[in-house]
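Down below is the structure, laid out as C-alpha cells.
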Amino acid sequence: FKDALEIYSKSIAALRKGNPPLASQVLCHMSQCFQEEGDWIHAEDHLQRAIALMEGHGDSASRGRALILLAGIHHRQGLLEEALQCSCESLKIRERARDWSGSAEALNRMARICSDRSDWPEAIEYYQRAADLFMENGEDTSAAEALSNLGGVYQLQGDLDVALELHCQA
C-alpha cells in the first residue's frame, strides 16, 4: 500500500486543479489504503477531503458512498454518534437520488450502530427497512444478512420465537 500511496500523493495536486472529480476518487482510494494499514486518522482525513471536493463539484452520488465509508471508520473507532450522523446524511442523499441499494446499505449501517448502542427499537426499524429494500432490489444475500442481524437483535432482547423465525427466513 505504501507504493500506491506514494503514486497517489504525487498525482493529487495536479488532479485537484485539472480534474477535481478524479482527485476526490484518488483521495477515497488513499483512504482505503490507510484503512488497510490500520491508520484511521489518515483514512478519515483523506475521506473528509474527498467529501469536501465532491460537495464542491456537486457529486452527490460519490459523496453518499464516501459518507458510508466515513461512517465505517467512525464506527470502528467507537465514535457511534459521528458514524450515525454520516450514515443518516448518506441515506438522505441516496434517497433523493432514488438509489435504493445505497439507501439499504445506509440503513444497514445505521442499524448496526443502533444495535451497538443497545437502541433496539431503532435497530429493528432500520434492519427491517434495509431487508425490505434489499429484497425489492433482488439483493438476496444482503437481505438475508439484514434479516439474520434483525433476528440477532430479537434474540438479544429474549424474543427467541421471532429470532428463530427471522433466522429461518434469512
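Treat the numbers as computed from the prediction; the structure is a model and nothing was measured.
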Nearest atoms (heavy-atom pairs only) where [X] meets [Y]:
X	Y	value
Leu107	Ala130	CB-CB, 3.9 Å
Ser24	Ala50	O-CB, 3.4 Å
Ala170	Ser148	CB-N, 3.9 Å
Ile12	Ala23	CD1-O, 3.3 Å
His167	Gly152	NE2-N, 3.7 Å
Gly102	Asp99	N-OD1, 2.8 Å

| query | Would Ser142 and Asn108 satisfy side-chain contact (heavy atoms from CB on, under 4.5 Å), going step by step from the backbone distance to the final call? | reply | CA-CA 9 Å; Ser142 296; Asn108 206 42; over 6 Å; no

| task | Determine yes or no for a side-chain-to-main-chain donor-acceptor pair under 3.5 angstrom, with Ser31 supplying the side chain and Leu27 the backbone. | result |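 No: the side chain of Ser31 does not pair with the backbone of Leu27.
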
| field | Listed once per pair and sorted, the ring-ring contact (aromatic ring centres under 6.0 Å, His included) pairs that draw on residues 105-146, sequence neighbours left out | value |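 Pairs touching residues 105-146 that pass the test: none.
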
| Going by the ring-ring contact (aromatic ring centres under 6.0 Å, His included) test, which pairs reach into residues 35-64, not counting sequence neighbours? |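 Passing the test, one end in residues 35-64: Phe34-His42, Phe34-His46.
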
I'd like to know if [Y] and [X] are part of one continuous hydrophobic network [Ile/Leu/Val/Met/Phe/Trp/Tyr, side-chain heavy atoms within less than 4.5 Å].
X	Y	result
Leu147	Leu164	no
Leu160	Ile124	no
Leu91	Leu79	no

Drop me the distance from [X]'s [atom1] to [Y]'s [atom2], to the nearest 0.5 angstrom.
X	Y	atom1	atom2	result
Gln48	Cys86	CD	SG	6.5 Å
Ile7	Cys33	CD1	SG	10.0 Å
Glu95	Ser90	CD	OG	9.5 Å
Glu145	Glu139	CD	CD	11.0 Å

Are [X] and [Y] side-chain neighbours, meaning at least one heavy-atom pair lies under 4.5 Å?
X	Y	value
Cys28	Met54	yes
His29	Tyr8	yes
Val162	Glu165	no
Leu47	Glu44	no
Cys88	Leu84	yes

| Do NZ/NE/NH1/NH2 and the carboxylate oxygens of Arg94 and Glu105 come within less than 4.0 Å? |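 The answer is yes: the pair qualifies as a salt bridge.
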
Would you mind writing out the side-chain donor-acceptor pairs for residues 60-78 within the sub-3.5 Å range, not counting sequence neighbours?
unit_1	atom_1	unit_2	atom_2	d
Ser62	OG	Gln25	NE2	3.2
Ser62	OG	Asp59	OD1	3.3
Ser62	OG	Asp59	OD2	2.8
Ser62	OG	Arg65	NH2	3.1
Arg63	NH2	Glu89	OE2	2.3
His75	ND1	Arg109	NH1	3.1
His75	NE2	Asp116	OD2	2.5
Arg76	NH1	Gly72	O	3.3

| Is there a salt bridge (charged side-chain N to carboxylate O under 4.0 Å, His left out) between Lys10 and Glu6 once you walk through the steps? | CA-CA 6 Å; Lys10 290 178 182 176; Glu6 186 177 321; 3.5 Å; yes

| message | Counting only heavy atoms from other residues, nucleotides and ligands, does the tally under 6.0 Å from CD of Gln85 exceed 12? | response |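 No, because the 6.0 Å sphere around CD of Gln85 holds 12 heavy atoms or fewer from other groups.
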
